[in-house]
Structures are given as structure tokens and as C-alpha cells.
Amino acid sequence: AGNNIDPYAGNAANATTPQAWTSPTAATKNTNTGWLGYNTSQYSGLTGIANFSATKWAPLSSNNPANGDSPHLMMEDGDQNDGVTPTVVSYALEVDVYQPSDSYVGVLQYNVVPKY
């Protein structure tokens, strides 16, 4: 119960400046030990998010709209869906060698809002 995967954002990555994936390199358990990142195939056009490519990742934020936090935007399109071109969001998780074996639990919540 005392273990947690502490967020590590490789190369100071964030939503506006995603970076190439780097492995967590902490030397202490539960501190900077886990990289939970996302990538989107919508490489441009996101409000407040830029410079994604197939090899760049941003850390997931801990924003919780139930607590009044702003949602974390991952895709946005001002055009009608053509029914052919998919938008893909990928996730990856890596923990370093100092993270103890344990049972870890987390919640990833999506809110899809179509606008017409």
C-alpha cells in the first residue's frame, strides 16, 4: 500500500512540447519511477498542443474535471468526420528497475464531446 508509481516526464515533456521517449532513471523507489505517456495521430491543430509526431510523447496529466480541473485535450477536429480517417491515441507505461513489484491501480477516463 505504500508504493506508488511517481510521475516521470522524460526530457521535461509536456502537452505543448512532447518529446522523444526516455526511460525513467530514478535511483529510489516511488520517486520519478514511472513514465505514463500518450501520443496522438492528430499531430497538429490541437488548441494549446503542438509538435506531435509519431515519435513524440507527452505525459498524462492528473487533471480531474470532477475536482474542477480542466480536461486534458487529446484530439480536436473542426471538420465533419469523413468516416475513413481514424484518429488514434496511444498510451505507453514504463517503470524503472527500482519500482517494487506490487499491485497498482489507476483510472483513465475519457469524455468524448461531439460538436455540430
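Index from 1, following the sequence.
- Counting only heavy atoms from C-beta outward, the side chains of Ser90 and Trp57 approach each other to under 4.5 Å.
- Not counting sequence neighbours, the partners of Ile5 by the side chain to side chain contact (heavy atoms under 4.5 Å, CB included) test are Thr33, Val95, Gln99, Tyr104.
- Using a 4.5 Å cut-off between side-chain heavy atoms of Ile, Leu, Val, Met, Phe, Trp and Tyr, Val97 falls into a hydrophobic cluster with Tyr98.
- Asn30 places no side-chain N or O within donor-acceptor distance of the main-chain N or O of Asn3, the cut-off being under 3.5 Å.
- Checked against side chain to side chain contact (heavy atoms under 4.5 Å, CB included), Thr31 has the following partners two or more places apart in sequence or in another chain: Asp6, Thr28.
- The side chain to side chain donor-acceptor pair (under 3.5 Å) search around Ser101 returns none, not counting sequence neighbours.
- Between Trp21 and Lys56, every side-chain heavy-atom pair lies at or beyond the 4.5 Å cut-off.
- Thr25 meets the side chain to side chain donor-acceptor pair (under 3.5 Å) test with no other residue; sequence neighbours excluded.
- Going from atom CG of Asp102 over to atom NZ of Lys29 covers 9.0 Å, rounded to the nearest 0.5 Å.
- Residues Trp35 and Ser23 form no side-chain contact, since every pair of their non-hydrogen atoms from C-beta on lies 4.5 Å or further apart.
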